[in-house]
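Per chain, numbering begins at 1; letters A, B, ... match sequence-line order. Please read these numbers as outputs of a predicted model, since none were measured by experiment.
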There are 2 protein chains.
Amino acid sequence: MEPTAPTRKHRSGIVRRPGRPAGRTLADGVIADRETLLNAAERLILAKGPSVSLDAIALEAGVTKPILYRGVGGRDRLIDALAERLSARMGEWVSREVAAARSPHDAVHRLVSGYLDQTVRERNLYLYVSGGGSGEDRVRGLLRFAELTAERFAEGIANFRASRGANPDVATVWSFGLVGALHYVTLWLLRDTNADVNGVADQLTLLLCTGFRLED
Amino acid sequence: MEPTAPTRKHRSGIVRRPGRPAGRTLADGVIADRETLLNAAERLILAKGPSVSLDAIALEAGVTKPILYRGVGGRDRLIDALAERLSARMGEWVSREVAAARSPHDAVHRLVSGYLDQTVRERNLYLYVSGGGSGEDRVRGLLRFAELTAERFAEGIANFRASRGANPDVATVWSFGLVGALHYVTLWLLRDTNADVNGVADQLTLLLCTGFRLED
DNA sequence: CGGTTAATTCTACTCGTGGTAATTTAAGGA
DNA sequence: TCCTTAAATTACCACGAGTAGAATTAACCG
């Protein structure tokens, strides 16, 4: 008659009994911590590619789907969160590179090649974020990442322009343009992994520093 | 026992009996012509937004799903086709603008503002193409459109560079950068329709023509 | 110490969408 | 007239996002 609890086996292989777990309450917030879930998502996406499902992510995190939903709030929210993390890492990495630059031109070069390197390294995550969005907002991930990254760059651009007595109002548009240029060149690069990243970085740097050389 | 044919009602409201229709053969090729299907897709996407389904598109074309599949070959193929058409229209429009330019700087300005105008006009179609792609290739539409458009721009850039004795090898990277900058600024613009398109075009033109003004 | 309640989880389901197979009918020749 | 072939429709499958509700247990109070 089996009076003991069912002790079912979770799909992930983790043996877990249903029902309320001991000693914790939701207010503690420690269970299935958001960070843990996001880490699992990143791990799986990096490993398996940009087309992993939320089921698979929940599995990777050792958690069931509703828990994942409680933690991150659905696919769109997940994309937002990953975009934020990716952008933050990118910003950190790039600003470290830029800080070590010896000239403005060198700074741009480091920014570009740092961006490209970092992106190639986290290829799948980058593609996941870039290709995401549901319903009407099909470019959600793209825009989210763009906004966050552009915002970081905009400050630097505005400061630099202001320090030279130039109008800093262009900073927003310029930074979106910068991120866009970087992004597209990146996507193009990501098609084949044997591309000459350095050469491409040089060429893009040249464009960014001098433009088409059309003074009016 | 109902010996007569079922005479079912098609979802579109068209009454149609299943089975082979009279008087036509596939070799005639006139039925459900590819162009017609693509036109219907564009019409519906423009009207209803970028998240329309293939079912809805088939419905709009007055055709059943398998016919749509025979005609365009699945969602990815549809995205490819729409990207191609969009890019072609864009190229035509932009090159007409550029041809009327009085100076290189003016040409860039016309290119930018032409691109932005055209994109705002075909907003939903642009979003559909940008946000599409299934399976592993989540950025398919984005890349497809980028490649096609960049290719058009690359020729112009290479010619211009060559005519000034500059190295034209940068044309590919530069054109991807150009398209990326345009694309991101566009997406940012598309969020609110009351943006000052002209002002943004001016700012982006400045970036493209002179860069950050960092001669090395 | 036992019963009641509230909390929290898991399972199982719905719904929409891309894609395909099975079914049904018309055309055309032996 | 019958049979084969072509064509198009309906109906179905697979899969992923998101959610409702059953199931189970800890906590609390008499």
Once you round it to whole Å, what is the distance between C1' of D/dG18 and CG of A/Leu78?
14 Å
Would a distance-only check, ignoring hydrogens and angles, find a side-chain to backbone donor-acceptor pair under 3.5 Å from A/Thr149 to A/Ala146?
no
Rounding to an integer number of Å, can you tell me how far A/Ile57 CD1 sits from D/dA17 C1'?
12 Å
Spell out, as yes or no, whether a donor-acceptor pair under 3.5 Å connects the side chain of A/Ser95 to the backbone of A/Glu92.
yes
Nearest to the B/Ile67 side chain among D/dG18, C/dG18, D/dA8, which nucleotide is it?
D/dA8
Please report the distance, rounded to the nearest Å, between CZ in A/Arg70 and P in D/dA20.
16 Å
Write down the distance between OH (B/Tyr69) and P (D/dC12), rounded to a whole number of angstrom.
18 Å
Would you check if the side chain of A/Arg140 reaches a backbone N or O of A/Ile79 as a donor-acceptor pair within less than 3.5 Å?
no
For the side chain of B/Pro66, starting at C-beta, report the closest nucleotide among C/dG19, D/dA8, C/dT20.
C/dT20
B/Arg75 CZ to D/dA14 P, in whole Å, measures 21 Å
Of all the choices, D/dA8, C/dC10, C/dG18, which nucleotide is nearest to the side chain of A/Thr64 once you look at every atom?
C/dC10
Have a look at B/Tyr126 and tell me which of B/Thr119, B/Leu46, B/Val120 forms a side-chain contact (heavy atoms from CB on, under 4.5 Å) with it.
B/Thr119
Tell me the interatomic distance from B/Lys65, atom NZ, to C/dT17, atom C1', rounded to whole angstroms.
7 Å
Interatomic distance, B/Leu68 CG vs C/dT20 C1' [rounded to whole Å]:
14 Å
Can you check the B/Arg140 CZ to C/dG18 P distance for me, whole Å?
15 Å
